[in-house]
Number of protein chains: 2
Amino acid sequence: MDRRTSAPSTGEALLFLTDEQLRQGIEAMFFAYRGFTADPDRILADMAYGRAHHRAIHFIGRAPSTTVNNLLNILGVTKQSLNRVLRTLITDGLVESRVGRMDKRERHLTLTQAGRTLEQTLSDAQRARMRAAYREAGPEAVAGFRTVLEAMMDTEMRNSYTRLKDTAS
Amino acid sequence: MDRRTSAPSTGEALLFLTDEQLRQGIEAMFFAYRGFTADPDRILADMAYGRAHHRAIHFIGRAPSTTVNNLLNILGVTKQSLNRVLRTLITDGLVESRVGRMDKRERHLTLTQAGRTLEQTLSDAQRARMRAAYREAGPEAVAGFRTVLEAMMDTEMRNSYTRLKDTAS
DNA sequence: TTGGAGTGTCAACAACACTGACATAAACTG
DNA sequence: CAGTTTATGTCAGTGTTGTTGACACTCCAA
């Protein structure tokens with residue numbers, strides 16, 4: 001292997017990473033993400049929905065009764081962009097929007113039964129691919145996979161990610 | 001909510017993967033990919049270019065003298081979509097298009113000096129993040145990361161990926 | 001009461017993907 | 001050579017998803 005170590009200033013091992021190694025990682029992310037989204041995209045193509053709808057449905061299903069603002073932070077888009085998506089989902093009866101009890105400005109978003117059904121269909125497809133990849137790679141690889149991905153996130157995204165992970169029970 | 005998935009029927013290692021574990025992997029991909037593209041996106045936002053230009057520049061720089069058709073296969077977009085991007089890059093003097101010697105129907109694409117400069121700027125930013133993530137995660141995690149990503153790709157993409165990896169030397 | 005936060009909406013626009021149709025030149029094939 | 005296929009370019013139209021900017025409304029808190 002072309003990995004060399006030298007006297008580290010801290011306690012950590014000092015990793016020398018060639019541009020070539022990094023570029024392979026970059027390309028791996030590019031090609032893998034295409035596969036990652038391919039299955040839900042195929043399903044959504046037949047409906048009037050796209051990837052943005054999938055994301056909204058996923059995170060509403062994940063954290064029911066979440067507010068619009070919370071969803072905005074997770075998705076990292078403008079409220080105008082999210083609103084367009086939410087409006088279609090609400091009028092199509094996939095998402096329910098309830099005025100908050102405490103703070104009546106807030107809207108709490110929950111999947112309807114139809115929304116849960118679609119969410120299930122989409123995530124079944126995505127999980128199937130993820131499961132196959134995990135099985136093929138093995139548990140140690142999966143742990144490494146998760147570790148690198150977490151290190152690659154921006155701080156705020158890592159916070160969102162961790163918060164979701166911890167509220168999972 | 002600790003539903004177990006079915007076990008593999010063959011003699012492979014028996015991995016029990018809960019829906020929750022898989023969902024965390026899905027969300028990790030989502031958040032990490034945002035970070036992955038954030039730095040080049042920021043740079044490109046100031047110019048008249050977007051992510052599509054970055055991808056074209058990356059793969060032309062990676063495989064100089066590649067043909068349009070080859071690039072189409074790698075990027076997985078329509079020729080109309082790619083052509084729009086290539087046209088701007090060529091007229092802006094970042095990419096050179098030469099008629100093939102053997103087959104004069106083909107156009108061979110190469111980065112100009114200006115193109116290489118931009119490519120360097122963009123990939124420096126992306127590599128910096130990748131390097132930081134790799135260092136933080138450690139070599140075993142990196143190996144696992146790559147293994148899982150490869151397993152997640154569609155077959156054709158994995159072929160493209162491997163071909164690029166092997167021609168790197 | 002005033003200021004600000006949370007939300008919804010309108011309009012305009014840009015990036016990037018798609019389909020469909022057509023044109024051109026070169027290469028291949030019978 | 002004639003006909004077909006391949007590689008590429010281009011035009012026109014459309015859809016999804018993102019952006020700004022502006023404005024209105026409700027409600028909370030100082």
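Everything numeric in this text was worked out from a predicted model, so none of it was measured. Sequence lines set the chain letters: A, B, ... in the order given, protein chains first and strands last, and positions in each chain run from 1. Computation of the quantities below employed the complete heavy-atom set of this structure, encompassing side-chain atoms and omitting hydrogens, waters and symmetry-equivalent molecules.
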Could you check whether B:R84 gets within reach of a base, just the sugar-phosphate, or nothing at all, counting any heavy atom under 4.0 Å? base
Using a 4.0 Å heavy-atom cut-off, does B:K79 contact any base of the nucleic acid, only the sugar-phosphate backbone, or nothing at all?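 Since a base atom lies under 4.0 Å of B:K79, the category is base.
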What integer distance in Å separates [X]:[atom1] from [N]:[atom2]?
X: A:R98; N: C:dG8; atom1: CZ; atom2: P; result: 14 Å
X: B:L89; N: C:dA15; atom1: CG; atom2: C1'; result: 14 Å
X: A:R34; N: C:dC16; atom1: CZ; atom2: P; result: 15 Å
X: B:L86; N: D:dT8; atom1: CG; atom2: P; result: 10 Å
X: B:K104; N: D:dG9; atom1: NZ; atom2: P; result: 17 Å
X: A:L82; N: D:dG18; atom1: CG; atom2: P; result: 9 Å
X: B:Q80; N: D:dC11; atom1: CD; atom2: P; result: 12 Å
X: A:I90; N: C:dT7; atom1: CD1; atom2: C1'; result: 11 Å

Please examine the side chains of [Y] and [X], heavy atoms only from C-beta on, and report whether any two atoms are closer than 4.5 Å.
X: B:R55; Y: B:V85; result: no
X: B:M47; Y: B:H53; result: no
X: A:M29; Y: B:Y33; result: yes

Apply salt bridge (Lys or Arg N to Asp or Glu O under 4.0 Å) to residues A:R127 and B:D19 and explain how you reach the verdict. CA-CA 7 Å; A:R127 272 199 299 264; B:D19 282 0; 3.6 Å; yes
Should [X] be listed as having a side-chain N or O under 4.0 Å from OP1 or OP2 of [N]?
X: B:R51; N: D:dT17; answer: no
X: B:H53; N: C:dA15; answer: no
X: A:R55; N: D:dG18; answer: yes
X: A:N83; N: C:dT7; answer: no
X: A:T78; N: D:dT19; answer: yes

I'd like to know if A:R105 reaches the base of C:dT7 with its side chain, counting only an N/O donor and acceptor under 3.5 Å.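 Donor-acceptor pair under 3.5 Å: no.
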Give the C-alpha distance, both sets of side-chain angles, the deciding distance and a yes or no for salt bridge (Lys or Arg N to Asp or Glu O under 4.0 Å) between A:R23 and A:E20. CA-CA 5 Å; A:R23 185 151 62 165; A:E20 179 53 33; 3.6 Å; yes
Which comes earlier along DNA chain D counting from the 5' end, the contact point of A:R101 or that of A:M47, where each point is its nearest nucleotide?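 Final value for this comparison: A:M47.
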DNA chain D: 5'-proximal contact among A:G50 and B:S97 (nearest heavy atom):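 The residue whose closest nucleotide sits nearer the 5' end is B:S97.
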Please determine, for the side chain of A:A52, which listed nucleotide (D:dG18, C:dG6, D:dG9) has the closest atom? D:dG18
